[in-house]
Protein chains: 2
Amino acid sequence: MKIKNNPDSAQLIIGPALAVDTLIFTIREGKLNVLLIKIGSGPYQGKWALPGGIVPINETLDEAARNILEKKAGLKGVYMEQLYTFSGVARDVRGRMVSVAYFALVDSDQFALKTMDYYTDIQWRALDHLPRMAFDHKEIIQYGFARLQAKIEYTNIAYGLLPAEFTLSELQAVYEIILERALDKRNFRKKILALGIVQTAKGLRRGGVSRPAQLYRFTQRSLMLAQIL
Amino acid sequence: MKIKNNPDSAQLIIGPALAVDTLIFTIREGKLNVLLIKIGSGPYQGKWALPGGIVPINETLDEAARNILEKKAGLKGVYMEQLYTFSGVARDVRGRMVSVAYFALVDSDQFALKTMDYYTDIQWRALDHLPRMAFDHKEIIQYGFARLQAKIEYTNIAYGLLPAEFTLSELQAVYEIILERALDKRNFRKKILALGIVQTAKGLRRGGVSRPAQLYRFTQRSLMLAQIL
DNA sequence: ATTGTTAGTGTATGTATGACACCACAATAG
DNA sequence: CTATTGTGGTGTCATACATACACTAACAAT
């Protein structure tokens with residue numbers, strides 16, 4: 001199938017084109033949000049989409065995902081993991097396109113959004129109020145959300161959504177928002193502390209309306225297995 | 001990046017070529033095996049590889065995986081699930097190639113292997129005695145094995161490895177081989193029966209050296225969640 | 001009839017889970 | 001200064017679950 005392979009890193013092939021799409025979750029105002037961009041031209045003009053783009057010939061998918069997220073949405077240094085590869089033959093009306101979806105969780109306070117490239121807007125959008133979306137991106141979001149719900153139960157992946165220091169109530173809120181159910185406060189704290197995935201930081205969260213809360217930090221800010229629920 | 005898009009299903013693009021590789025596990029003689037083919041020509045001549053091939057322009061990845069497995073290895077009707085997409089820039093010396101790996105479990109007694117296409121051989125090979133392999137296929141196998149070990153603990157995926165009717169001892173052997181540890185017979189049977197993922201079939205497994213065993217069948221021969229271990 | 005081999009079964013103990021209510025401490029209002 | 005409000009922080013008990021463990025049953029082979 002391959003036609004040509006230039007060592008100076010260009011090759012012409014016949015087959016599906018390859019893209020990556022990035023699915024970035026955050027929590028804002030008590031809700032789970034995703035990062036979307038508004039498409040400014042072409043057949044999907046005015047619709048919203050995940051930040052994505054074509055995979056360059058000389059980059060791995062991990063690299064391409066990182067670079068595309070930075071270029072299209074201005075988010076630097078976000079570590080994503082591969083989610084799934086979507087390949088419906090009609091998923092892009094402009095031609096055959098296979099897309100590898102990546103996802104990550106971020107603390108939205110750490111990033112200022114800026115519109116880039118040929119997009120007309122960029123926004124955090126609540127998962128329960130998604131706008132009209134281009135391609136099969138709604139499906140990608142649903143798939144990623146399911147993965148997130150599963151993964152938060154047996155890993156420490158939630159660290160991505162929180163600042164370096166946080167209270168146990170804030171951590172519990174993250175779990176409740178993602179799992180969409182209430183958790184018992186005492187059992188939750190017992191479990192989290194017994195697992196040793198967090199340690200006390202010095203200092204209290206002051207400035208709230210009530211008793212200050214002890215601050216904690218994750219012992220590891222990298223993916224670890226830990227059966228939480 | 002796209003150059004051309006013919007509606008009669010051909011498009012020329014610049015970018016990585018896209019392939020699928022299929023990772024088929026089975027159990028033979030008490031060991032976990034994978035299906036490998038021996039490459040007959042080109043820079044990887046004489047090395048072994050997973051059955052794989054280029055994704056046609058008009059097929060989804062699921063379809064391509066099924067068709068390639070049938071065409072390259074003669075296995076029809078095997079239902080695979082997507083494993084991971086591998087994209088190292090040097091994974092194929094012939095040019096830039098991204099590969100979507102699929103995997104499945106089969107009962108090797110149900111399939112006769114036949115060498116096809118330009119391959120010189122096809123064999124089941126024990127996972128602990130793999131030959132020299134082409135591309136990054138050893139890495140794909142390791143990744144798939146890890147996924148299998150995880151997945152057999154919380155799904156009924158083992159049904160793929162067994163015939164329609166089987167004994168509980170045979171089922172337990174499957175678990176012990178994949179998990180590489182011994183399981184307690186009474187606890188295993190208790191758990192499996194309590195979960196209701198199998199039901200008694202009529203008949204006994206006779207012809208063994210000892211007391212005949214009750215036959216069972218899976219209540220569902222499709223992927224179900226079930227916390228087994 | 002004896003021996004060998006695998007099938008099949010129950011109990012007891014420790015561990016994890018889930019339900020549940022009150023006092024502590026700070027901020028704020030009066 | 002006192003009372004009120006709001007969130008932080010803690011322990012126990014009951015139940016379910018996981019684990020460890022040993023003997024009898026049924027058939028085949030001799």
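Below, chain A is the first sequence line, B the second, and so on; all start at residue 1. No hydrogens, no waters, no symmetry mates; every other heavy atom, side chains included, goes into these values.
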**Study point:** OP1 or OP2 of D:dG8 under 4.0 Å from side-chain N/O of A:S169
**Key:** yes
Review point. When you check the phosphate oxygens OP1 and OP2 of C:dT17, does a side-chain N or O of A:K191 lie under 4.0 Å from one of them?
Key: yes
In whole Å, I'd like the distance from the [atom1] atom of [X] to the [atom2] atom of [N].
| X | N | atom1 | atom2 | result |
| --- | --- | --- | --- | --- |
| A:Y216 | D:dG8 | OH | P | 12 Å |
| A:L204 | C:dA27 | CG | P | 11 Å |
| B:L229 | D:dC17 | CG | P | 15 Å |
| A:R205 | D:dG9 | CZ | P | 11 Å |
| A:K185 | D:dT12 | NZ | P | 18 Å |
| A:R189 | C:dG18 | CZ | C1' | 17 Å |
| B:Q172 | C:dG8 | CD | P | 12 Å |
| B:L215 | C:dG8 | CG | C1' | 14 Å |

Review point. Will you find, in the side chains of A:Y79 and A:D62, an N or O donor that is under 3.5 Å from an N or O acceptor?
Key: no
Review point. Just checking, is any N or O donor in the side chain of A:N156 or A:Q220 under 3.5 Å from an acceptor N or O on the other one?
Key: no
Point to revise | Polar side-chain contact A:K190-C:dG18 base: donor and acceptor under 3.5 Å | key: yes
Side chain of [X] - closest among [options]:
| X | options | value |
| --- | --- | --- |
| A:A213 | C:dT6, D:dT7, D:dG8 | D:dG8 |
| B:N187 | D:dT19, D:dC27, D:dG9 | D:dT19 |
| B:P212 | C:dG18, D:dC27, C:dT9 | D:dC27 |

Revision key, fill the gap. Of A:R211 and B:R186, the one whose closest nucleotide on DNA chain C sits nearer the 5' end is B:R186
Review point. More than 12 foreign heavy atoms under 6.0 Å from CD of B:Q227: is that the case here?
Key: yes
Point to revise | salt_bridge(A:E170, A:R205) N-O dist < 4.0 Å | key: yes
Point to revise | Spacing of CD belonging to B:Q149 relative to CG belonging to B:L179, to within rounding of 0.5 Å | key: 6.0 Å
